[in-house]
Engineer: 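I have a structure here, written as C-alpha coordinates, and I will follow up with some questions on it.
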Amino acid sequence: MSHQVSFSGQITPEQVQQIADQGFKTIINNRPDGEAVDQPTSAEIEAAGVAYKEISFAGNELNMQHVEDFADYFNQAEQPILMFCRTGNRSNGLYEAAKQMDKLDD
(Lines give C-alpha, C1' and ligand atoms only; values in the text may rest on other atoms or scores of the structure.)
Protein backbone atom coordinates (compact mmCIF):
# COMPACT_ATOMS: atom_id res chain seq x y z
CA MET A 1 0.00 0.00 0.00
CA SER A 2 1.41 3.38 -0.90
CA HIS A 3 0.89 6.39 1.29
CA GLN A 4 -1.68 8.96 0.26
CA VAL A 5 -0.10 12.15 1.55
CA SER A 6 0.16 15.70 0.21
CA PHE A 7 1.97 18.77 1.45
CA SER A 8 0.79 22.35 1.61
CA GLY A 9 1.66 25.78 2.87
CA GLN A 10 -0.42 27.39 5.62
CA ILE A 11 -4.14 26.66 5.46
CA THR A 12 -7.02 28.58 7.04
CA PRO A 13 -10.08 27.31 8.90
CA GLU A 14 -12.19 28.48 5.96
CA GLN A 15 -10.28 26.12 3.64
CA VAL A 16 -10.85 22.98 5.73
CA GLN A 17 -14.20 22.18 4.11
CA GLN A 18 -12.65 22.55 0.63
CA ILE A 19 -9.81 20.25 1.72
CA ALA A 20 -12.35 17.67 2.92
CA ASP A 21 -14.30 18.06 -0.32
CA GLN A 22 -11.09 17.17 -2.19
CA GLY A 23 -11.10 13.85 -0.33
CA PHE A 24 -8.62 14.45 2.49
CA LYS A 25 -9.58 12.62 5.68
CA THR A 26 -6.84 13.87 8.00
CA ILE A 27 -4.87 17.11 8.45
CA ILE A 28 -1.48 17.25 10.20
CA ASN A 29 -0.14 20.66 11.23
CA ASN A 30 3.63 21.04 11.54
CA ARG A 31 3.66 24.81 12.13
CA PRO A 32 3.78 26.24 15.67
CA ASP A 33 1.27 28.93 16.55
CA GLY A 34 2.61 32.47 16.41
CA GLU A 35 5.17 32.18 13.60
CA ALA A 36 3.33 34.96 11.74
CA VAL A 37 0.95 37.66 12.95
CA ASP A 38 -1.83 36.72 10.53
CA GLN A 39 -1.49 32.95 11.01
CA PRO A 40 -4.61 31.11 12.25
CA THR A 41 -4.13 29.12 15.44
CA SER A 42 -3.99 25.37 15.55
CA ALA A 43 -7.20 25.36 17.64
CA GLU A 44 -9.04 27.38 14.98
CA ILE A 45 -8.11 24.90 12.26
CA GLU A 46 -8.86 21.89 14.47
CA ALA A 47 -12.33 23.29 15.26
CA ALA A 48 -13.20 23.19 11.54
CA GLY A 49 -14.07 19.52 11.90
CA VAL A 50 -11.66 17.22 10.01
CA ALA A 51 -9.48 14.64 11.83
CA TYR A 52 -6.56 16.78 13.00
CA LYS A 53 -3.20 16.47 14.71
CA GLU A 54 -0.63 19.10 15.57
CA ILE A 55 3.03 18.02 15.55
CA SER A 56 4.60 21.43 15.34
CA PHE A 57 8.23 22.45 15.38
CA ALA A 58 10.37 25.33 14.17
CA GLY A 59 11.97 24.71 10.80
CA ASN A 60 15.38 23.75 12.13
CA GLU A 61 14.22 21.90 15.26
CA LEU A 62 13.06 18.54 13.86
CA ASN A 63 14.03 15.82 16.32
CA MET A 64 13.45 12.13 16.90
CA GLN A 65 10.46 12.77 19.19
CA HIS A 66 8.70 14.63 16.36
CA VAL A 67 9.42 11.73 13.99
CA GLU A 68 8.12 9.17 16.51
CA ASP A 69 4.97 11.19 17.31
CA PHE A 70 4.31 11.71 13.62
CA ALA A 71 4.81 8.06 12.69
CA ASP A 72 2.58 6.86 15.54
CA TYR A 73 -0.24 9.14 14.38
CA PHE A 74 0.33 8.69 10.64
CA ASN A 75 0.23 4.91 10.86
CA GLN A 76 -3.27 4.92 12.37
CA ALA A 77 -4.68 8.00 10.60
CA GLU A 78 -7.22 7.74 7.83
CA GLN A 79 -5.74 8.60 4.43
CA PRO A 80 -5.45 10.65 2.31
CA ILE A 81 -3.60 13.02 4.61
CA LEU A 82 -2.76 16.68 4.09
CA MET A 83 0.30 17.90 5.98
CA PHE A 84 0.97 21.62 6.21
CA CYS A 85 3.39 24.19 7.59
CA ARG A 86 4.42 27.62 6.30
CA THR A 87 5.54 26.41 2.86
CA GLY A 88 5.14 22.62 2.94
CA ASN A 89 8.88 21.94 3.16
CA ARG A 90 8.94 21.21 6.90
CA SER A 91 6.05 18.76 6.52
CA ASN A 92 7.75 17.04 3.61
CA GLY A 93 10.98 16.80 5.62
CA LEU A 94 9.19 15.18 8.55
CA TYR A 95 7.48 12.64 6.29
CA GLU A 96 10.74 11.82 4.50
CA ALA A 97 12.61 11.43 7.80
CA ALA A 98 10.02 8.96 9.10
CA LYS A 99 10.03 7.10 5.78
CA GLN A 100 13.85 6.85 5.66
CA MET A 101 13.91 5.54 9.24
CA ASP A 102 11.34 2.90 8.22
CA LYS A 103 8.81 4.17 10.79
CA LEU A 104 5.83 4.25 8.41
CA ASP A 105 3.65 1.24 7.76
CA ASP A 106 3.29 0.22 4.12
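We count residues from 1, following the sequence as given.
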Engineer: Taking only residues two or more places apart in sequence or in another chain, which ones pass side-chain contact (heavy atoms from CB on, under 4.5 Å) with A43?
Structural biologist: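 Here the qualifying residues are T41.
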Engineer: Do N30 and S56 have side chains that approach each other closer than 4.5 Å (heavy atoms only, starting at C-beta)?
Structural biologist: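 Not in contact.
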Engineer: State yes or no: do V50 and I28 share one hydrophobic cluster built from I, L, V, M, F, W and Y residues joined by side-chain heavy-atom distances below 4.5 Å, directly or via other members?
Structural biologist: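 No, no single cluster joins them.
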Engineer: OH of Y73 to CD1 of I55: how many Å apart, nearest 0.5 Å?
Structural biologist: 8.5 Å
Engineer: Could you give the side-chain donor-acceptor pairs of residues 15-24 under 3.5 Å, partners two or more places apart or in another chain?
Structural biologist:
| residue | atom | partner | partner atom | Å |
| --- | --- | --- | --- | --- |
| Q15 | OE1 | T12 | N | 2.8 |
| Q15 | OE1 | T12 | OG1 | 3.4 |
| Q17 | NE2 | D21 | OD1 | 2.7 |

Engineer: For H3 and D105, work out which heavy atoms get closest and say how close.
Structural biologist: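 Residues H3 and D105, closest heavy atoms: NE2-O, 2.6 Å.
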Engineer: Any non-hydrogen side-chain atom of M101 less than 4.5 Å from a side-chain atom of M64?
Structural biologist: yes
Engineer: In chain order, what residues pass the ring pair (Phe, Tyr, Trp, His ring centres under 6.0 Å) check against F70, with sequence neighbours excluded?
Structural biologist: F74
Engineer: Not counting sequence neighbours, which residues clear side-chain contact (heavy atoms from CB on, under 4.5 Å) with N63? List them please.
Structural biologist: Q65, H66
Engineer: May I ask you to test the L94-V67 pair for a side-chain heavy-atom distance under 4.5 Å?
Structural biologist: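 Side-chain contact under 4.5 Å: yes.
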Engineer: Where the side chain of R90 meets the backbone of F57, is there a donor-acceptor pair that is under 3.5 Å apart?
Structural biologist: yes
Engineer: Decide yes or no for Q10 and P40: does some side-chain heavy atom of the first lie under 4.5 Å from some side-chain heavy atom of the second?
Structural biologist: yes
Engineer: So, taking the atom named OG1 in T87 and the one named CZ in F7, what distance separates them when rounded to the nearest 0.5 Å?
Structural biologist: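 T87 atom OG1 to F7 atom CZ measures 11.5 Å (nearest 0.5 Å).
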Engineer: Contact between S8 and M83 at the side-chain level, heavy atoms closer than 4.5 Å - yes or no?
Structural biologist: no
Engineer: Can you list everything that forms a ring pair (Phe, Tyr, Trp, His ring centres under 6.0 Å) with Y52? Sequence neighbours excluded, please.
Structural biologist: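 With neighbours one apart ignored, the set is empty.
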Engineer: Looking at CD1 of I11 and CD1 of I45, how far apart are the two atoms once the value is rounded to the nearest 0.5 Å?
Structural biologist: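 Separation between the atoms: 4.5 Å.
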Engineer: Would you compute the distance between atom CD of Q4 and atom CD1 of I81 and round it to the nearest 0.5 angstrom?
Structural biologist: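 Reported to 0.5 Å precision, the distance equals 9.0 Å.
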Engineer: Hey, could you give me each pair passing salt bridge (charged side-chain N to carboxylate O under 4.0 Å, His left out) that has a residue in residues 51-79? Not counting sequence neighbours.
Structural biologist: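 Residue pairs with at least one partner in residues 51-79: E68-K103.
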Engineer: If you look at every heavy atom in P13 and A48, which pair is closest and at what distance?
Structural biologist: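 Shortest heavy-atom contact: O-CB, 3.9 Å.
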